[in-house]
Protein chains: 4
Amino acid sequence: MEVWVKKAEQSTREKILDVALDVLIEEGGRGTTFRKIATKAQLSPGTITYHFNDLNQLLLAAFRRMVETIASAFAERLRRAQNREEAREAVADLICGDVWASSCNMLLSFELYSLAARREGYRQVLQEWMARSRDALHLHFDMKTARALDALIEGYTIHNLHNDIPVSREEILDTITAVTR
Amino acid sequence: MEVWVKKAEQSTREKILDVALDVLIEEGGRGTTFRKIATKAQLSPGTITYHFNDLNQLLLAAFRRMVETIASAFAERLRRAQNREEAREAVADLICGDVWASSCNMLLSFELYSLAARREGYRQVLQEWMARSRDALHLHFDMKTARALDALIEGYTIHNLHNDIPVSREEILDTITAVTR
Amino acid sequence: MEVWVKKAEQSTREKILDVALDVLIEEGGRGTTFRKIATKAQLSPGTITYHFNDLNQLLLAAFRRMVETIASAFAERLRRAQNREEAREAVADLICGDVWASSCNMLLSFELYSLAARREGYRQVLQEWMARSRDALHLHFDMKTARALDALIEGYTIHNLHNDIPVSREEILDTITAVTR
Amino acid sequence: MEVWVKKAEQSTREKILDVALDVLIEEGGRGTTFRKIATKAQLSPGTITYHFNDLNQLLLAAFRRMVETIASAFAERLRRAQNREEAREAVADLICGDVWASSCNMLLSFELYSLAARREGYRQVLQEWMARSRDALHLHFDMKTARALDALIEGYTIHNLHNDIPVSREEILDTITAVTR
DNA sequence: CATGAATGAGAATTCATTCAT
DNA sequence: GATGAATGAATTCTCATTCAT
């Protein structure tokens with residue numbers, strides 16, 4: 001009985017977080033409101049504030065959840081690589097594929113960047129995220145190379161998102177190779 | 001007389017745009033409102049809507065103004081380079097120095113990324129910006145290398161902004177060299 | 001032209017203040033809300049906050065207005081008294097009549113007492129009020145007697161308000177006489 | 001067993017009432033809410049409504065409790081007086097001391113006055129309180145004098161609460177003497 | 001050109017209260 | 001008896017925008 005109650009409680013909280021990320025993706029930071037989250041989650045506004053004291057805490061928790069998901073997938077993809085060559089392929093996948101560079105994740109990251117530059121809580125979440133990415137790259141490359149690859153991943157994915165013609169995987173792999181030689 | 005009137009109008013317009021960018025930097029996209037712009041510009045709300053029909057048009061014009069300023073400085077720095085070696089130094093400067101990577105510009109770019117992903121007008125502004133950056137790099141490097149350098153600039157500056165310890169200029173120059181060999 | 005505009009503006013402000021006092025009288029402190037004031041004044045909520053930054057400032061201004069009105073009437077009644085005997089009659093009138101002891105004023109004073117005990121702004125308003133009352137009594141009586149009469153006015157009016165059978169004017173005049181002998 | 005259960009219930013009920021009075025004192029009528037009471041009492045909101053159907057009944061019960069306490073202390077102080085002279089001293093004590101005129105009691109009385117003027121239930125509580133006060137004074141003084149003293153107690157304590165410099169006990173005793181001669 | 005009073009929709013949040021457990 | 005998740009109405013206040021002057 002108690003277990004059921006706890007599960008129900010958790011699922012409401014998590015539902016709210018998931019919906020919050022959805023709204024952030026759809027509406028952007030400027031358009032993300034308590035109301036829209038409540039409506040989309042089919043919950044009353046009171047239920048949202050019951051679980052999160054204010055919108056800030058809600059967004060913070062949502063971003064933490066997002067980072068956890070993305071960073072895990074990111075690390076997982078790199079962990080599957082058996083050698084340096086496969087690691088290069090993994091990085092290319094991260095840039096071109098859906099693991100990291102899904103437009104959803106990109107959109108969320110822009111919002112997080114915006115918030116992280118102005119508020120401590122978000123900054124911590126972002127720093128943890130970046131640290132986990134570098135650490136995952138560090139499985140296969142020295143720290144300096146990891147930082148360079150991380151920059152490339154960041155830059156290529158952003159530019160690919162905003163350009164109609166994305167840079168080809170082949171071209172990206174060439175750059176990766178140049179940096180990891 | 002007409003000239004004087006036009007100048008006065010223009011100066012109010014530009015003041016509004018500058019203040020709008022200030023507010024965007026200070027408050028982020030979520031916190032940027034008509035009111036704050038009006039207050040900070042010491043203008044009545046009516047004056048703002050007199051010059052810009054709505055907040056969207058105002059922000060769009062402000063971003064256009066920002067892009068013009070930044071892209072010019074970016075191109076100028078690269079134009080000063082006399083050879084490939086100096087061009088590499090110029091790229092390092094763009095990443096480490098104040099021309100592009102001032103935190104203000106970064107903050108504005110995050111907001112623009114967020115908006116560009118969802119609305120056509122902003123998307124055009126951003127694409128023009130990216131095109132101008134690549135073209136400036138293309139003065140010294142082939143298009144493929146220009147894209148790679150652009151990605152590096154993007155990625156390194158973002159990570160430097162959000163990390164307490166920025167990547168050293170030396171390390172960055174090494175990566176630039178590797179990509180441009 | 002300008003004069004007309006200023007008058008219009010002032011009349012809205014004053015209308016709001018008057019309505020706020022009405023709502024305070026009808027609903028008491030617990031029931032006085034922005035909304036009720038706006039509805040009763042037939043103004044949109046935005047108009048209220050346009051004139052008063054928040055409910056606190058509005059209530060403060062309303063109480064200031066009330067104190068000004070009541071204290072003036074109080075002093076005026078005492079000023080009309082030509083001698084000690086007439087002054088005693090005036091005090092009796094203040095307790096029994098409508099000048100001061102209208103139930104409306106009493107109700108407002110309770111709310112002010114409640115707020116004054118907890119917030120500085122209201123406390124100042126109340127202290128000024130009490131000072132003006134004592135000063136008005138001091139026109140005819142020494143300060144010590146003025147304080148005693150002031151206490152009597154306060155106490156008798158409160159008890160009369162809350163009791164079904166009010167104390168008679170004659171009995172009150174006897175007490176006044178006892179205190180002013 | 002049943003006894004134990006009943007005792008536990010009662011103690012929760014009384015705890016709620018005490019906390020409600022605390023909140024009323026701290027926050028005033030406008031700021032007294034179900035939630036604050038529940039939080040301060042470390043009880044869940046459901047527990048409060050279990051004991052009191054609604055906030056009104058809770059406040060009413062709380063005021064009844066308060067009146068019982070204060071009126072008993074008031075009467076007790078007067079009952080200790082052996083003669084008219086001691087009774088005058090007792091009244092002075094009630095005005096200057098802690099028995100009645102503690103600022104807490106005053107604060108609660110303002111809230112009760114506010115509520116009593118608008119709602120029947122509270123009005124009854126207040127009238128009973130005033131009757132008990134007058135009856136206690138009537139032990140030593142005729143009814144007319146009791147009413148005058150009661151007004152003096154009311155007025156002096158209110159004014160002392162709100163003024164930085166309270167009226168001296170000596171001065172108050174003089175007024176009491178004048179009224180009771 | 002510029003103003004600022006006015007607006008009403010919508011923002012975040014709080015509220016008393018319910019009810020299944 | 002007690003809990004606490006959930007509710008939705010109501011709260012204060014902000015918002016972009018309008019318009020008469």
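Side chains are part of it too, since the values below use all heavy atoms of this structure and drop only hydrogens, waters and symmetry mates. Order of the sequence lines sets the chain letters (A, B, ...), proteins ahead of strands, with each chain counted from 1.
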| Between N56(D) and R119(D), is a side-chain contact (heavy atoms from CB on, under 4.5 Å) present by the stated rule, with each step listed? | CA-CA 10 Å; N56(D) 228 12; R119(D) 302 220 209 170; 2.5 Å; yes
Tell me the interatomic distance from [X], atom [atom1], to [N], atom [atom2], rounded to whole angstroms.
X      : N       : atom1 : atom2 : value
E27(D) : dC15(E) : CD    : C1'   : 14 Å
L55(B) : dT18(F) : CG    : P     : 12 Å
H51(A) : dT13(E) : NE2   : C1'   : 16 Å
D54(D) : dC19(E) : CG    : C1'   : 17 Å
E14(D) : dG1(F)  : CD    : P     : 13 Å
R13(D) : dA2(F)  : CZ    : C1'   : 16 Å
Q57(A) : dT14(E) : CD    : P     : 11 Å
F52(C) : dC13(F) : CZ    : P     : 13 Å

With the side chain of [X] defined as its heavy atoms from C-beta on, choose the nearest nucleotide among [options].
X      : options                  : answer
L43(C) : dT3(F), dT7(E), dT7(F)   : dT7(E)
Y50(D) : dA2(F), dA11(E), dC13(F) : dA2(F)
P45(C) : dT17(E), dG4(E), dA9(E)  : dA9(E)

| field | Residue whose closest nucleotide on DNA chain F lies nearer the 5' end, G46(A) versus T33(C) | value | G46(A)
| Hey, which of these two, T49(D) or R35(B), hits DNA chain F nearer its 5' end, going by closest nucleotide? | T49(D)
| field | Bracket string, DNA chain E, 5' to 3' - pairs by Watson-Crick or G-U geometry under 3.5 Å, | interstrand | value | .||||||||||||||||||||
| So which one's nearest nucleotide on DNA chain E is more toward 5', R30(C) or N56(A)? | N56(A)
Residue pair [X] / [Y]: nearest heavy atoms and the distance that separates them:
X       : Y       : value
F52(D)  : A61(D)  : CE2-CB, 3.9 Å
T32(A)  : E27(A)  : N-CB, 4.2 Å
M106(A) : L161(A) : CB-CD2, 3.8 Å

| request: List the steps, then state whether side-chain contact (heavy atoms from CB on, under 4.5 Å) holds for T12(C) with I16(C). | output: CA-CA 6 Å; T12(C) 298; I16(C) 293 171; 4.1 Å; yes
| message | Can you see if the side chain of T12(D) gets near the phosphate of dA2(F) - specifically, an N or O under 4.0 Å from OP1 or OP2? | response | yes
| query | Quick one: is S44(A) getting a side-chain N or O under 4.0 Å of the dA6(F) phosphate, OP1 or OP2? | reply | no
| message | Going by the rule side-chain contact (heavy atoms from CB on, under 4.5 Å), which residues pair with S109(A) if we only count those two or more places apart in sequence or in a different chain? | response | Y113(A), W129(A)
| query | Can you tell me if T69(D) and R65(D) form a side-chain donor-acceptor pair at under 3.5 Å? | reply | no
